[in-house]
Peer 1: 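One structure coming up, written as structure tokens, with questions to follow.
If you're wondering where the values come from, they're calculated on a predicted model, not measured in any experiment. Sequence lines set the chain letters: A, B, ... in the order given, protein chains first and strands last, and positions in each chain run from 1.
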Protein chains: 2
Amino acid sequence: MPTVKDVAKRAGVSVATVSRVLNNSNKVSEETRQKVLKAIEELGFKPNLLARNFRRDKSNLILVILPTIANAYFARVVKGIEDTARKYGYGILLCTTGNSPEIASDYLKLIERKQVDGAIIASAKISKDALLEIDPKKIVQACEFYPFLDTSCVLIDHKKAFFEIVDYLIKKGKKNILCAIGNEGIPSEEERKEGYRQALEKNGMEFKEENIIRCRYGSTEIYEKLKTLICSKKYDAVACSSDLMAVGAIKAAKAVGLKIPDEFAVTGFDNIMISRLYEPSITTVAQPMYEIGEKATEILISSLENNSFSKERVILPHDIKTRESA
Amino acid sequence: MPTVKDVAKRAGVSVATVSRVLNNSNKVSEETRQKVLKAIEELGFKPNLLARNFRRDKSNLILVILPTIANAYFARVVKGIEDTARKYGYGILLCTTGNSPEIASDYLKLIERKQVDGAIIASAKISKDALLEIDPKKIVQACEFYPFLDTSCVLIDHKKAFFEIVDYLIKKGKKNILCAIGNEGIPSEEERKEGYRQALEKNGMEFKEENIIRCRYGSTEIYEKLKTLICSKKYDAVACSSDLMAVGAIKAAKAVGLKIPDEFAVTGFDNIMISRLYEPSITTVAQPMYEIGEKATEILISSLENNSFSKERVILPHDIKTRESA
DNA sequence: CTGTTAGCGCCTTCAG
DNA sequence: CTGAAGGCGCTAACAG
């Protein structure tokens with residue numbers, strides 16, 4: 001593999017000049033530039049990014065940490081991140097943790113070790129002390145906000161969104177609304193639960209802890225629990241914290257023989273493809289997934305490059321998608 | 001940031017010894033090792049991977065190129081790649097091309113430039129000349145095999161799989177089977193079409209080009225085309241080249257009022273989650289997605305590290321999943 | 001506008 | 001078992 005030195009020799013210039021041409025410095029005469037380009041061409045020279053990055057103390061890589069990409073929600077967020085990173089000349093190093101904080105910690109070490117310039121944490125579980133030594137301006141949180149992590153963040157207003165969709169159910173005449181929420185310890189899930197509570201209270205209904213169903217976000221495991229509950233015919237709706245939960249809920253309602261949405265209404269959250277394709281199609285909260293990824297990346301790169309850290313808390317708008325299930 | 005030099009000074013040893021400790025060389029006395037570890041601890045030293053990678057001429061990064069991760073099929077393949085890469089100490093640099101060969105080419109340049117050690121191309125469209133200068137042992141193809149790309153590969157037998165599922169439809173008594181296939185120029189799609197043809201011929205049925213429906217792999221756009229076709233009631237089944245196509249096909253059959261599977265049967269391909277969740281659930285070909293990613297990664301890393309290139313052509317087993325739609 | 005030169009941090013012979 | 005020293009390829013002062 002030829003190096004700048006070889007190119008320099010061939011072009012009859014110094015390595016500094018070759019480097020200038022490589023980096024589009026304008027302090028090179030057109031004539032010299034051409035000579036250098038010719039030598040590069042002839043030798044088939046390719047810059048060694050390992051050397052360049054080392055010298056510049058910069059990897060141009062962004063670490064992306066999230067629980068999974070099997071869920072279409074995160075897949076879409078990643079697309080927003082990737083496109084934006086590419087636009088600014090960065091690549092993305094992908095880490096799906098399956099919610100293991102240990103895996104997340106291991107990857108986060110890459111920041112201090114300079115394998116990556118910074119990280120976007122999209123809703124992945126992180127242990128607090130994994131972050132002790134990391135410069136907060138090198139991290140942006142997306143989708144989710146862990147307050148103990150003092151970084152910029154980009155997400156929607158989960159409480160408000162859930163409030164709105166429950167309020168929608170109530171306006172549709174539903175009187176006994178269940179709430180299916182992800183497992184505990186995740187801030188956005190607690191926010192959504194609070195939105196549910198506030199919607200009930202605003203409409204003069206009583207909030208009961210027993211009406212909260214806890215189940216995994218990215219699965220349909222709600223099915224069994226719900227089927228048992230709704231046999232009683234006491235309930236006429238469930239507001240779910242994800243579209244996959246909603247699918248499970250619809251299956252349960254069908255299994256019990258309830259007509260959707262009249263006898264039993266179901267709402268989802270996220271607006272991933274399945275909510276549109278499923279039958280019945282699912283009324284849900286559309287999150288601006290791509291835009292969350294995009295904005296988070298822009299904030300991170302700007303923070304990385306300007307070296308000016310202003311903690312940003314960005315709330316992006318959501319949107320209720322009314323469909324057949326409610 | 002402290003460097004090996006600082007650690008050496010603090011521990012009262014040479015940088016070589018520090019380096020030995022860092023790399024678990026056994027040629028260090030336990031006593032010295034402890035001194036060094038103590039100094040590392042006290043200084044909060046973190047090895048600079050930019051420097052190490054440069055020095056070792058190795059990035060420990062694998063490039064993963066695929067059309068999209070919005071499709072659960074690829075998301076699962078990526079998981080297999082990521083887990084395996086991690087196991088061997090590699091990270092993955094993700095590139096989703098949306099089937100743009102230009103984007104793929106840009107990223108592939110990272111191999112010669114040493115930003116990555118090698119690449120897995122999972123079914124992404126590549127232009128042949130993007131690869132001219134790349135060492136074939138640094139690339140493994142997954143899911144798909146472009147023969148002009150003379151590399152190792154890991155995939156299923158697409159022809160056989162499609163043959164089997166069409167044969168299954170015939171055994172179920174279907175007489176006029178349509179075939180929905182992805183757009184042209186993709187080897188696996190042509191293989192599948194050939195499997196369709198052979199299944200018909202084996203059963204004494206006539207293959208007609210007009211019974212081939214071309215449509216995008218990752219979408220339900222088949223819906224419109226199919227709805228028009230099946231109004232005639234001439235057809236009693238469609239074998240689709242993806243589960244999402246199958247969803248579109250089922251919607252079309254429902255729209256026309258055909259009973260599934262008796263009046264109209266539908267099969268998918270891939271066995272992604274939606275094929276299990278949809279109603280009716282979809283009979284499909286299960287691809288070993290995770291294992292494809294896993295195996296491809298193992299081959300790549302072994303080829304990278306042993307520097308011994310044996311072109312491997314790995315065909316993994318598939319499996320017909322019988323469900324409600326056929 | 002161009003060249004000389006000094007490292008960046010680490011690993012790895014080679015000597016001892 | 002340990003230390004000294006060279007150098008990976010590139011960039012960026014600095015000098016001219």
Side-chain angles (χ1 to χ4, degrees), chain A residues 1-40 43-61 89 109-117 305, chain B residues 1-40 43-61 89 109-117 305:
Chain A
M1 269 280 109
T3 72
V4 279
K5 219 167 163 181
D6 301 316
V7 175
K9 198 178 296 171
R10 176 124 191 166
V13 300
S14 73
V15 290
T17 300
V18 175
S19 179
R20 286 186 190 105
V21 172
L22 251 24
N23 295 291
N24 297 312
S25 159
N26 49 7
K27 296 168 193 164
V28 181
S29 75
E30 192 48 31
E31 194 192 335
T32 313
R33 159 172 267 104
Q34 290 308 329
K35 271 197 302 190
V36 172
L37 290 176
K38 186 155 162 281
I40 288 174
L43 293 171
F45 167 83
K46 321 276 181 205
N48 181 332
L49 297 182
L50 246 25
R52 172 181 291 174
N53 291 342
F54 166 51
R55 182 56 235 255
R56 290 194 179 151
D57 199 29
K58 188 140 186 5
S59 65
N60 273 53
L61 242 36
K109 289 184 186 139
L110 296 179
I111 298 180
E112 312 164 79
R113 298 174 182 208
K114 314 225 177 186
Q115 174 91 283
V116 300
D117 293 336
E305 302 201 336
Chain B
M1 271 278 106
T3 71
V4 280
K5 217 168 163 180
D6 302 315
V7 175
K9 199 177 296 170
R10 176 125 192 166
V13 300
S14 73
V15 291
T17 300
V18 176
S19 179
R20 287 187 188 104
V21 172
L22 251 24
N23 296 292
N24 297 312
S25 159
N26 47 9
K27 297 168 191 163
V28 180
S29 74
E30 192 48 32
E31 192 192 338
T32 313
R33 159 174 268 106
Q34 289 307 329
K35 273 197 302 190
V36 173
L37 289 176
K38 184 154 165 281
I40 288 175
L43 292 171
F45 166 82
K46 321 277 180 203
N48 181 331
L49 296 183
L50 245 25
R52 171 181 292 175
N53 291 343
F54 167 51
R55 181 55 234 257
R56 291 191 178 157
D57 199 29
K58 187 135 182 14
S59 64
N60 274 53
L61 242 36
K109 288 185 186 138
L110 296 179
I111 297 180
E112 312 164 78
R113 298 176 180 205
K114 314 221 175 187
Q115 173 89 286
V116 300
D117 293 336
E305 302 201 335

Peer 1: Looking at D/dC8, D/dA4, C/dT2, which one has an atom nearest to any side-chain atom of A/S29?
Peer 2: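 Out of D/dC8, D/dA4, C/dT2, the nucleotide with an atom closest to A/S29's side chain is C/dT2.
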Peer 1: Output the rounded distance in Å from CZ (B/R113) to P (D/dC10).
Peer 2: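 In whole Å, D/dC10 P and B/R113 CZ are 11 Å from each other.
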Peer 1: Looking at D/dT11, D/dT2, C/dC10, which one has an atom nearest to any side-chain atom of B/V4?
Peer 2: C/dC10
Peer 1: Tell me: CG of A/D6 to C1' of D/dC8, nearest whole Å?
Peer 2: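 So the CG-C1' distance, A/D6 to D/dC8, works out to 13 Å.
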Peer 1: Go through it in stages, so that I can follow the logic: the residues are B/R33 and B/V28, the test is side-chain contact (heavy atoms from CB on, under 4.5 Å), and I'd like the CA-CA distance, side-chain angles, deciding distance and then a yes or no.
Peer 2: CA-CA 6 Å; B/R33 159 174 268 106; B/V28 180; 4.1 Å; yes
Peer 1: C/dG9, OP1 or OP2 - any side-chain N/O from B/T3 closer than 4.0 Å?
Peer 2: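 Answer is no, no contact under 4.0 Å.
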Peer 1: Over how many whole Å does the gap from A/E112 atom CD to C/dG9 atom C1' extend?
Peer 2: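 That distance rounds to 17 Å.
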Peer 1: Describe the nucleic acid contact of A/V13 in one word from base, sugar-phosphate, nothing, applying a heavy-atom distance below 4.0 Å.
Peer 2: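 Sugar-phosphate contact only - A/V13 comes under 4.0 Å of backbone atoms but never of a base.
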Peer 1: Return no unless some side-chain N or O of B/N23 is found under 4.0 Å from OP1 or OP2 of C/dC11.
Peer 2: yes
Peer 1: Over how many whole Å does the gap from A/M1 atom CE to D/dG9 atom C1' extend?
Peer 2: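 One finds 13 Å between C1' of D/dG9 and CE of A/M1, rounded.
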Peer 1: To the nearest angstrom, how far is A/N48 atom CG from D/dG7 atom P?
Peer 2: 18 Å
Peer 1: Under 4.0 angstrom, heavy atoms only, what part of the nucleic acid is A/N53 near: base, sugar-phosphate, or nothing?
Peer 2: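 No contact.
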Peer 1: Would you mind classifying the nucleic acid contact of B/R56 as base, sugar-phosphate or nothing, using non-hydrogen atoms under 4.0 angstrom?
Peer 2: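 Sugar-phosphate: the residue B/R56, judged by heavy atoms under 4.0 Å, touches backbone atoms but no base.
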Peer 1: To the nearest Å, give me how far apart CG (B/L50) and P (D/dC8) are.
Peer 2: 18 Å
Peer 1: Looking at B/S19, does any N or O in its side chain come under 4.0 Å of the phosphate oxygens OP1/OP2 on C/dT12?
Peer 2: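 B/S19 to C/dT12 OP1/OP2: no side-chain N or O under 4.0 Å.
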Peer 1: Identify whether any heavy atom of B/D57 sits under 4.0 Å from a base atom; if not, whether one sits that close to sugar-phosphate; answer base, sugar-phosphate or nothing.
Peer 2: nothing
Peer 1: Nearest nucleotide by nearest heavy atom, which residue falls closer to the 5' end of DNA chain D, B/A51 or B/R20?
Peer 2: B/R20
Peer 1: Roughly, in whole Å, what's the span from CG in A/L49 to P in C/dC8?
Peer 2: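 After rounding, the gap between these two atoms is 21 Å.
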Peer 1: Please confirm whether any donor atom in the side chain of A/R55 sits under 3.5 Å from an acceptor in the base of C/dG9, or the reverse.
Peer 2: no
Peer 1: Determine: side-chain N/O of A/T17 to OP1/OP2 of C/dC1, distance under 4.0 Å, yes or no.
Peer 2: no
